[in-house]
Structures are given as C-alpha cells and as structure tokens.
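Everything numeric in this text was worked out from a predicted model, so none of it was measured. In what follows, residues are counted from 1 in the order of the sequence shown.
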Amino acid sequence: MGLLDAILGRSKPVRPDLDQLFAVPSAALTLQAATGFTPTGRGSVCFAGVEGGGFARLQEDVRELLDADTERGGIPVEFSRDAYGYTWLLATHPADDTAGLVNDLHAVNTMLQDGGFGPHLLCSLIGFRGTEGRSLALVYLYKRGTFYPFAPLPGAAEKRDNQLELQVRGALGDDLRVEKDLSRWFPVWGAPGL
C-alpha cells in the first residue's frame with residue numbers, strides 16, 4: 001500500500017485464502033452441536049460468467065474433474081445461471097461427506113483462480129438443514145477470505161432469520177474466520193445448494 005492510498009483511505013484487498021474452506025468440516029460438527037443444523041451434502045460456487053473459449057474449456061475441465069466419479073454412483077455437477085446473470089456450479093455428495101464436498105469446492109475455486117478467473121469468483125456456499133426443514137448456508141466470500149451465515153426464513157418471501165445468523169456467528173467464531181462487517185452478509189436467495 002502506497003502513501004497516496006493511505007492518504008485517500010484505500011486499503012489493500014484481502015488475499016483469498018481458499019484453505020479456509022478446509023475448516024468447514026470441523027465447523028459443521030460445532031454447528032450441529034450448537035444449533036442442530038446438519039450438512040445437506042450440497043454446496044456451490046458462484047462466479048461471474050465470462051465469454052470466450054478459454055473460460056468454456058476451463059468450465060469443461062471442472063465438469064470433467066468433478067464428474068469423474070459418476071460411474072461409481074457420484075452425482076454429476078450442475079451449472080445454472082441466476083436472475084442476475086451469475087453462474088452457479090452445484091456439487092452434491094452424501095450428507096456425511098462434508099470433507100469430500102469441501103474438496104470439490106476448493107478444487108473449483110483453485111482451478112478458476114489458477115486459470116486467471118479469480119476476479120470473477122464471488123462466493124462458495126455449503127448447505128445445512130435444521131429441524132422442520134429450515135435452511136442455512138455458510139457462505140465463503142472469495143474476495144474477503146471470510147465466512148458468514150445466511151438463514152432464509154421458511155415460507156417467507158426473501159426474509160432472513162437474523163437471530164439465527166447471529167447465533168451461528170457466535171457458535172462458529174472459533175472455527176471459522178467470520179466476516180465482521182454485517183453489511184457484507186449478502187443474501188443469496190435461491191442459491192443452488194441452499
């Protein structure tokens with residue numbers, strides 16, 4: 001950071017630490033003990049789509065890597081686009097294989113980053129289910145290197161359970177690097193894997 005940046009109040013962005021994702025399996029145990037939420041085995045990666053052959057090849061490489069186990073009963077990855085034009089990759093594993101799911105999400109993030117598409121990565125999320133079918137996601141913000149909980153209220157049109165989100169933050173504060181700035185806890189309505 002230079003002198004001019006310091007004077008103008010600019011800060012250097014946090015360098016993504018994708019290895020933070022590997023803390024999720026142990027955090028899932030803490031989350032289950034504290035709140036009763038259990039992993040669903042579903043997780044996704046969100047990125048801004050890019051046009052061009054290089055990106056299309058990389059997307060196919062990702063699909064080929066993650067679908068390598070489909071002949072042994074693995075579930076193929078799914079790509080979709082949301083209403084804002086972002087691309088989502090959905091990976092599915094057995095609910096008790098959080099480590100395998102995290103490995104897949106880490107591999108996707110790493111491949112995109114190493115392929116030069118790191119600036120297009122937005123977030124990754126890991127889905128959880130609670131009693132009465134309640135949904136919760138742990139969202140990893142790529143550009144911040146932090147996590148935050150997202151808990152939509154069941155049956156409500158785009159309303160969040162802020163109390164539950166704060167409870168999860170308190171429970172996971174020692175397990176994950178939780179985003180301190182609550183204004184960065186963006187909603188991910190209808191995200192695959194939620």
Side-chain angles (χ1 to χ4, degrees), residues 1-2 4-6 8-28 39 41-69 76-93 98-127 137-150 169 172 175-194:
M1 187 163 79
L4 187 57
D5 290 331
L8 295 175
R10 295 185 210 146
S11 62
K12 238 181 175 175
V14 175
R15 180 146 173 81
D17 181 6
L18 293 176
D19 289 346
Q20 290 295 316
L21 289 168
F22 293 124
V24 170
S26 65
R42 296 168 46 98
S44 54
V45 176
C46 180
F47 49 92
V50 179
E51 301 297 325
F55 187 74
R57 275 190 301 280
L58 184 62
Q59 197 169 351
E60 281 308 308
D61 289 346
V62 166
R63 182 185 301 273
E64 188 176 307
L65 174 70
L66 298 186
D67 285 352
D69 67 344
V77 297
E78 299 173 28
F79 285 93
S80 62
R81 282 193 160 228
D82 66 16
Y84 300 101
Y86 292 107
T87 300
W88 290 85
L89 173 140
L90 173 66
T92 306
H93 280 257
T98 306
L101 176 64
V102 166
N103 284 338
D104 281 358
L105 299 178
H106 186 274
V108 171
N109 280 285
T110 301
M111 287 177 76
L112 289 167
Q113 180 178 280
D114 292 349
F117 299 102
H120 299 279
L121 281 164
L122 299 176
C123 68
S124 294
L125 70 84
I126 296 93
L138 292 180
V139 182
Y140 176 74
L141 290 172
Y142 178 80
K143 291 177 175 65
R144 305 276 298 172
T146 57
F147 289 88
Y148 68 90
F150 174 68
R169 176 184 69 176
L172 297 180
D175 292 277
L176 298 175
R177 188 183 300 158
V178 178
E179 176 60 49
K180 290 181 170 72
D181 183 355
L182 298 181
S183 70
R184 302 250 185 211
W185 291 21
F186 304 110
V188 285
W189 305 116
L194 185 58

Using side-chain contact (heavy atoms from CB on, under 4.5 Å) as the criterion, list what pairs up with Thr92, not counting sequence neighbours.
Arg42, Ile75, Leu90
Could you go through the side-chain contact (heavy atoms from CB on, under 4.5 Å) check for Val77 and Val62 one step at a time?
CA-CA 9 Å; Val77 297; Val62 166; 5.8 Å; no
What heavy-atom pair brings Asn109 and Ser124 nearest, and what distance separates the two atoms?
ND2-OG, 2.9 Å
Between Ala107 and Leu65, what is the shortest heavy-atom contact and its length?
CB-CD2, 4.0 Å
Can you check whether Ala23's main-chain N or O pairs, donor with acceptor, with Asp175's side chain at less than 3.5 Å?
no
So OH of Tyr148 and CZ of Phe186: to nearest 0.5 Å the spacing works out to 7.0 Å
The reported gap from CG in Leu105 to OG in Ser44 (rounded to nearest 0.5 angstrom) is 7.5 Å
State, yes or no, whether a side-chain contact exists between Phe150 and Leu194 at a heavy-atom distance under 4.5 Å.
yes
For Arg184 and Thr146: C-alpha separation, side-chain torsions, deciding distance, then whether side-chain contact (heavy atoms from CB on, under 4.5 Å) applies.
CA-CA 10 Å; Arg184 302 250 185 211; Thr146 57; over 6 Å; no
ring-ring contact (aromatic ring centres under 6.0 Å, His included) with His120: which residues, sequence neighbours excluded?
none
Under 3.5 Å, is there a donor-acceptor pair between the side chain of Trp88 and the main chain of Gly193?
no
Salt bridge Arg57-Glu60, side-chain N to carboxylate O under 4.0 Å
no
Per side-chain contact (heavy atoms from CB on, under 4.5 Å), Leu138 is matched among Leu176, Leu125, Val178 by Leu176
On a heavy-atom basis, which atom in Leu18 and which in His106 lie closest, and how many Å separate them?
O-CD2, 3.2 Å
Minimum heavy-atom distance between Pro149 and Arg169, given as atom pair plus value:
CG-N, 4.2 Å
Phe147 vs Leu172, side-chain contact (heavy atoms from CB on, under 4.5 Å): CA-CA, chis, key distance, verdict:
CA-CA 10 Å; Phe147 289 88; Leu172 297 180; over 6 Å; no
Let me confirm one number: the OG1-CZ distance from Thr87 to Phe47, rounded to the nearest 0.5 Å.
5.0 Å
Are there over 12 heavy-atom neighbours, none belonging to Tyr86, within less than 6.0 Å of that residue's OH?
no
Residue pairs passing the salt bridge (Lys or Arg N to Asp or Glu O under 4.0 Å) test where at least one lies in residues 100-113, sequence neighbours excluded
none
Least distance between heavy atoms, Phe22 atom then Val102 atom:
CD2-CG1, 3.8 Å
Which pair of non-hydrogen atoms, one from Pro192 and one from Ser80, has the smallest distance, and what is that distance?
CG-OG, 3.7 Å
Could you check whether any side-chain N or O of Lys143 sits under 3.5 Å from a backbone N or O of Cys123, counting only pairs where one atom can act as donor and the other as acceptor?
no
